[in-house]
K.L.:
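Once you've had a glance at the structure underneath, I'll fire off some questions.
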Amino acid sequence: MQEVRVRFAPSPTGPLHIGGVRTALYNYLFARKNGGKMILRIEDTDQTRFVPGAEQYIVESLDWCGIKFDESDYVGGSFGPYKQSNRKHLYKQYSDELLEKGHAYIAFDTPEELEKYRKEAEANKQTFIYNCQSRNNLRNSLTMSKQEVEMLIANGTPYTVRFMIPENREIVMHDLIRGEVHVQSNTLDDKVLFKSDGMPTYHLANIVDDHLMKISHVIRGEEWLPSMALHVMLYEAFGWEAPQFAHLPLLLKPDGNGKLSKRDGDRLGFPVFPLFWTDPKTGETASGYKQSGYYPEAFINMLALLGWNPGTEQEIFNMEELTEAFSLDRCSKSGAKFNVEKTKWFNHEWLMRKPEVEVGHDYQQWLKDEKNIDTNLDFAIKVAGLVKDRVNFVKEIWEQSFFFFEAPTSYDEVTVKKRWKENSAQTMRDVAEVIRNIEDFNLANIDATLNNWIEVNGLGMGLVMNSLRLMLVGAGKGPHIGEIIEMLGKEEVLRRIESGIKALG
RNA sequence: GGCCCAUUCGACUAGCGGUUAGGUCGUAAGUUUCUCACACUUAAAACAGCGGUUCGAUUCCGCUAUGGGCUACCA
């Protein structure tokens, strides 16, 4: 059986969108699952849309995601170079080959002329198609004498090379996800293969490179489905065996309809890109999943399940598990709406599964960066461990645990009203004494002493604990009170009780 | 406009001729609890419509509707 070789072939025209990341992911999973190779090819044939830094961004993003390549300009490989602008010299000969075989022709129509034909057709409620129905009336090597064509070229007249779509053919193709797809050749345009600027178009470069790089499976977004017939016919014209195709459904915006775009992220408040991005021309910025606090594992997990499912009820997967479970025939056919809430939930699940040291370390770092608080790793681990089940992100740990780092400066009104009674101040003074007298200040001892004292004095557990919580936290929330007391330490607890009594009376 | 693709709870989806149409997120209620959460239990919530085929259609086939993609010398 033929070796599995797949490629991810982005265009460096901007930051890599999450739809692109998913396409890369599926390619990667497919390659690994089948013991094949994953190739990164940069498709930069459109010089006008080149954006500096975009290629670097793509490489860094995929690296952050854990998507690795077996071949690229960065890691090497025997089919390079892997950037189309560096393969420029290759394409001309293939274009010439089609010209010689009579599968392509030279066209001199200017963009303005073509635009005019389209407008005219539209005005007559018709569609202008550059193919068998019109090519014989246009300015090209089919309608001109050989001498005329040669003269125009010699004079430096700009021209393009167009593929000659066969007449009256029904092209029946197989898509790994969609099954059979039928297209009538007469509805297709004679697409430009070679531009007047000397660069190939996507269609030519893509087919040539896929062939030269021995790509076995083309896994790409659904936006390419309409081009599949063209591509199949190109392989046929060259006499090459076509790879297998799989067209992935699109990622849709969460509300309404349509393809997910950068604007949706801005509007709805979630990232559309894996990493933070600054546009080099406009200075415009876009948020990234990494900077928003997502773990790459959660991000990838979410993306994998958007348009694919394992057929079991398992939802949490690491990359190895995804690789093991992945198959193209479990990809869905219809577009998937992106859902922010579920994405957060994935991050929560991953946060819960992360080793406590890692989460603690991340929180320690966050405290340093955001609050300028220095704390030791053990304490950060303990704090994070106590509250992580109620947050989705490391950065959210703070609002559940700020009281471990700073004494309350105010007291939540609703809680005060509900929990602070007439005799609370006195009870707190008594509790303070009890706490002061605890010799061995550990969790078990603290709990036992307090519970015993409450019971012996016939006081309500809720009443005492909630008032105490108010003193220590400033609000009616937080983990087990014994934990808080132990971690704050005797002195701090006594201090907080004292100032709490002073504040609430 | 033309061509192509799609259509199950609000969202992601399971289902591949006979099911009380299942799960997850979200929502709501309850249990637990010193609080807030977590956890657990439960609830509401879907086969776009119409025709076929069939003993029987969510499932197969048409048509319609809706949505999406493409329609560049962009990818």
Side-chain angles (χ1 to χ4, degrees), chain A residues 9-13 43-46 48-49 107 109-111 114-115 118 121-122 125-129 158-162 175 177-178 181-184 186-189 191-203 205-206 220-229 247 249-250 252 254-259 302 305-316 330 332-346 348 352 387-391 400 412 415 418-419 450-451 454 460-470 473 475-482:
Chain A
S11 213
T13 55
E43 306 216 327
D44 57 346
T45 51
D46 186 0
T48 62
R49 293 208 308 159
D109 317 276
T110 64
L114 294 170
E115 184 58 23
R118 291 192 186 101
E122 203 180 324
K125 289 200 185 292
Q126 287 177 330
T127 312
F128 173 77
I129 306 179
Y159 68 92
T160 62
V161 176
R162 284 182 182 269
D175 183 276
I177 294 174
R178 282 150 217 286
V181 178
H182 300 245
V183 175
Q184 300 298 328
N186 291 3
T187 66
L188 264 25
D189 266 298
K191 283 288 178 194
V192 170
L193 300 177
F194 217 82
K195 300 185 268 188
S196 57
D197 67 357
M199 285 293 261
T201 59
Y202 168 84
H203 302 295
N206 187 268
R220 67 212 327 185
E222 192 185 340
E223 69 268 26
W224 294 110
L225 194 54
S227 307
M228 180 163 62
H247 288 91
L250 264 16
L252 273 20
D255 62 338
N257 292 298
K259 211 158 90 165
M302 174 278 291
L305 275 284
L306 219 47
W308 170 85
N309 77 83
T312 66
E313 284 178 3
Q314 183 179 353
E315 291 209 87
I316 304 302
R330 292 209 65 90
S332 45
K333 295 182 174 70
S334 51
K337 287 189 186 178
F338 175 83
N339 186 287
V340 200
E341 290 307 319
K342 187 121 190 194
T343 306
K344 289 179 183 169
W345 174 79
F346 274 113
H348 176 256
M352 297 303 287
V387 302
K388 70 173 179 181
D389 62 358
R390 59 194 75 189
V391 302
Q400 301 296 334
D412 179 64
T415 315
K418 194 170 167 194
R419 308 289 188 192
L450 282 178
N451 290 344
I454 289 167
M461 185 78 164
L463 196 67
V464 176
M465 289 307 203
N466 285 312
S467 303
L468 187 50
R469 178 178 298 280
L470 193 55
V473 176
K477 63 174 184 181
H480 181 71
I481 205 90

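Just so it is clear, the model here is predicted, and its values are computed rather than measured. By convention in this document, chain letters (A, B, ...) are assigned in the order of the sequence lines, proteins followed by strands, and residues within each chain are numbered from 1.
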K.L.:
Starting at atom CD1 of A/Ile177, determine the distance to atom P of B/rU7, rounded to an integer number of angstrom.
P.N.:
13 Å
K.L.:
Identify which nucleotide among B/rG23, B/rG68, B/rU24 has an atom closest to any side-chain atom of A/Glu313, counting heavy atoms from C-beta outward.
P.N.:
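Between B/rG23, B/rG68, B/rU24, the one nearest the side chain of A/Glu313 would be B/rG23.
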K.L.:
For A/Lys195, I'd like to know if atom NZ has over 12 heavy atoms of other residues, nucleotides or ligands within 6.0 Å.
P.N.:
yes
K.L.:
Side-chain contact test, heavy atoms from C-beta onward, threshold under 4.5 Å: evaluate it for A/Arg178 versus A/Met228 and give yes or no.
P.N.:
no
K.L.:
Within this structure, what is the NE2-to-P distance between A/His182 and B/rA6, rounded to whole angstrom?
P.N.:
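Going from NE2 in A/His182 over to P in B/rA6 covers 11 Å.
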K.L.:
Does A/Arg118 have a side-chain nitrogen or oxygen under 4.0 Å from the phosphate oxygens OP1 or OP2 of B/rA72?
P.N.:
yes
K.L.:
Who is the Watson-Crick or G-U wobble partner of B/rU35, with both distances under 3.5 Å?
P.N.:
none
K.L.:
Under 4.0 Å, heavy atoms only, any strand: does A/Gly478 hit a base, just the sugar-phosphate, or nothing?
P.N.:
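Base contact.
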K.L.:
Using purine N1 to pyrimidine N3 plus N6-O4 or O6-N4 for Watson-Crick, or N1-O2 and O6-N3 for G-U wobble, both under 3.5 Å, which nucleotide pairs with B/rU58?
P.N.:
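When the pairing criteria are applied, nothing turns out to pair with B/rU58, so the answer is none.
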K.L.:
Quick one: the side chain of A/Lys342 and the base of B/rU24, do they pair up donor-acceptor inside 3.5 Å?
P.N.:
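When only heavy-atom distances are counted, A/Lys342 does reach the base of B/rU24 through a donor-acceptor pair under 3.5 Å.
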K.L.:
Any side-chain N or O of A/Arg49 less than 4.0 Å from the OP1 or OP2 oxygen of B/rA75?
P.N.:
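So the side-chain polar atoms of A/Arg49 never come under 4.0 Å of the phosphate oxygens OP1 or OP2 of B/rA75.
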K.L.:
Base, sugar-phosphate alone, or nothing: which one does A/Val181 contact when heavy atoms must sit under 4.0 Å apart?
P.N.:
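Sugar-phosphate only.
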K.L.:
If the C1' atom of B/rC25 is compared with that of B/rU58, how far apart are they to the nearest Å?
P.N.:
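Looking at atom C1' only, B/rC25 and B/rU58 are 23 Å apart.
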K.L.:
Quickly work out the A/His247 NE2 to B/rA6 P distance and round it to whole Å.
P.N.:
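It is 12 Å, rounded to the nearest whole Å.
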K.L.:
Is the shortest side-chain N/O distance from A/Asn309 to OP1 or OP2 of B/rU13 below 4.0 Å?
P.N.:
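Answer no for this pair, as no side-chain N or O of A/Asn309 is under 4.0 Å from OP1 or OP2.
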K.L.:
Could you tell me whether A/Thr45 contacts a base, only the sugar-phosphate backbone, or nothing, with contacts defined as non-hydrogen atoms closer than 4.0 Å?
P.N.:
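Counting heavy atoms under 4.0 Å across all strands, the contact made by A/Thr45 is with sugar-phosphate only.
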K.L.:
Taking atom types as they are modelled, is there a donor-acceptor pair under 3.5 Å from the base of B/rC3 to the side chain of A/Thr187?
P.N.:
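Donor-acceptor pair under 3.5 Å: no.
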K.L.:
Sticking with atom C1', work out how far B/rA45 lies from B/rU20, rounded to a whole angstrom.
P.N.:
16 Å
K.L.:
Measuring only between side-chain heavy atoms, which start at C-beta, is A/Pro310 closer than 4.5 Å to A/Leu305?
P.N.:
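Answer yes - side chains close enough.
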K.L.:
Please name the nucleotide paired to B/rA48 by Watson-Crick or G-U wobble geometry with both distances under 3.5 Å, or report none.
P.N.:
B/rU64
K.L.:
Students often get this wrong, so: under 4.0 angstrom with heavy atoms, is A/Lys344 touching a base, only sugar-phosphate, or nothing?
P.N.:
nothing
K.L.:
Of the nucleotides B/rA37, B/rC70, B/rG68, which has the atom closest to the A/Asp389 side chain?
P.N.:
B/rA37
K.L.:
Reckon A/Pro158 touches a base, only the sugar-phosphate, or nothing at all at heavy-atom distances under 4.0 Å?
P.N.:
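No contact.
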K.L.:
Treating A/Arg419 as the side-chain partner and A/Ala475 as the backbone partner, does any N or O pair qualify as donor plus acceptor under 3.5 Å?
P.N.:
no
K.L.:
Tell me which nucleotide among B/rG15, B/rG26, B/rU24 gets nearest to the side chain of A/Arg330.
P.N.:
B/rG15
K.L.:
Where the side chain of A/Pro111 is defined as all heavy atoms beyond and including C-beta, which of B/rC73, B/rA11, B/rA75 is the nearest nucleotide?
P.N.:
B/rC73
K.L.:
Would the base of B/rC5 count as contacting A/Arg178 through its side chain, where contact means a donor and an acceptor less than 3.5 Å apart?
P.N.:
no
K.L.:
I want to check one thing: is the phosphate of B/rC74, taken as OP1 and OP2, less than 4.0 Å away from some side-chain N or O of A/Ser11?
P.N.:
no
K.L.:
Specify the separation, in whole Å, of atom CZ of A/Phe338 and atom C1' of B/rU13.
P.N.:
16 Å
K.L.:
What is the nucleic acid contact for A/Gly307, judged by heavy atoms within less than 4.0 Å: base, sugar-phosphate only, or nothing?
P.N.:
sugar-phosphate
K.L.:
Both distances below 3.5 Å, Watson-Crick or wobble geometry, any strand: find the nucleotide opposite B/rC3.
P.N.:
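The answer is B/rG69, by the H-bond criterion.
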K.L.:
Looking at side-chain heavy atoms only, is the closest gap between A/Val183 and A/Leu188 below 4.5 Å?
P.N.:
yes
K.L.:
Determine whether A/Lys191 and A/Thr201 satisfy the following criterion, side-chain contact (heavy atoms from CB on, under 4.5 Å), listing intermediate values before the conclusion.
P.N.:
CA-CA 9 Å; A/Lys191 283 288 178 194; A/Thr201 59; over 6 Å; no
K.L.:
Regarding A/Ser332, tell me which of base, sugar-phosphate or nothing describes its non-hydrogen contacts under 4.0 Å with the strands shown.
P.N.:
sugar-phosphate
K.L.:
Within this structure, what is the CG-to-P distance between A/Leu188 and B/rC70, rounded to whole angstrom?
P.N.:
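Result: 16 Å.
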K.L.:
Measuring only the C1' atom in each nucleotide, how far is B/rU59 from B/rU8? A whole number of Å is fine.
P.N.:
11 Å
K.L.:
Counting only side-chain N and O atoms of A/Lys195, is one of them less than 4.0 Å from OP1 or OP2 of B/rA75?
P.N.:
yes
K.L.:
Between A/Gln314 (CD) and B/rU24 (P), how many Å, whole number?
P.N.:
14 Å
K.L.:
B/rC9 C1' sits how many Å from A/Lys337 NZ, rounded?
P.N.:
13 Å
K.L.:
Under 4.0 Å, heavy atoms only, any strand: does A/Leu305 hit a base, just the sugar-phosphate, or nothing?
P.N.:
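Counting heavy atoms under 4.0 Å across all strands, the contact made by A/Leu305 is with sugar-phosphate only.
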K.L.:
What is the ring orientation for A/Trp224 with A/Tyr202, classed by angle as parallel under 30°, tilted 30 to 60°, or perpendicular over 60°?
P.N.:
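Rings of A/Trp224 and A/Tyr202: parallel, under 30°.
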K.L.:
The side chain of A/Asn466 lies closest to which of these nucleotides: B/rC25, B/rG69, B/rU35?
P.N.:
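Out of B/rC25, B/rG69, B/rU35, the nucleotide with an atom closest to A/Asn466's side chain is B/rU35.
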K.L.:
Please work out if A/Thr13 contacts a base, only the sugar-phosphate, or nothing of the nucleic acid, heavy-atom cut-off 4.0 Å.
P.N.:
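Answer is nothing: A/Thr13 stays at 4.0 Å or more from every strand.
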K.L.:
Would you indicate which nucleotide in B/rU71, B/rC73, B/rG69 comes nearest to any side-chain atom of A/Lys191?
P.N.:
B/rU71
K.L.:
So A/His247 and A/Ile177, do their side chains get closer than 4.5 Å, heavy atoms only?
P.N.:
no
K.L.:
Would you kindly give the NZ-to-P distance between A/Lys333 and B/rU7, to the nearest whole Å?
P.N.:
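These atoms are roughly 7 Å apart.
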K.L.:
Regarding A/Asn206, tell me which of base, sugar-phosphate or nothing describes its non-hydrogen contacts under 4.0 Å with the strands shown.
P.N.:
nothing
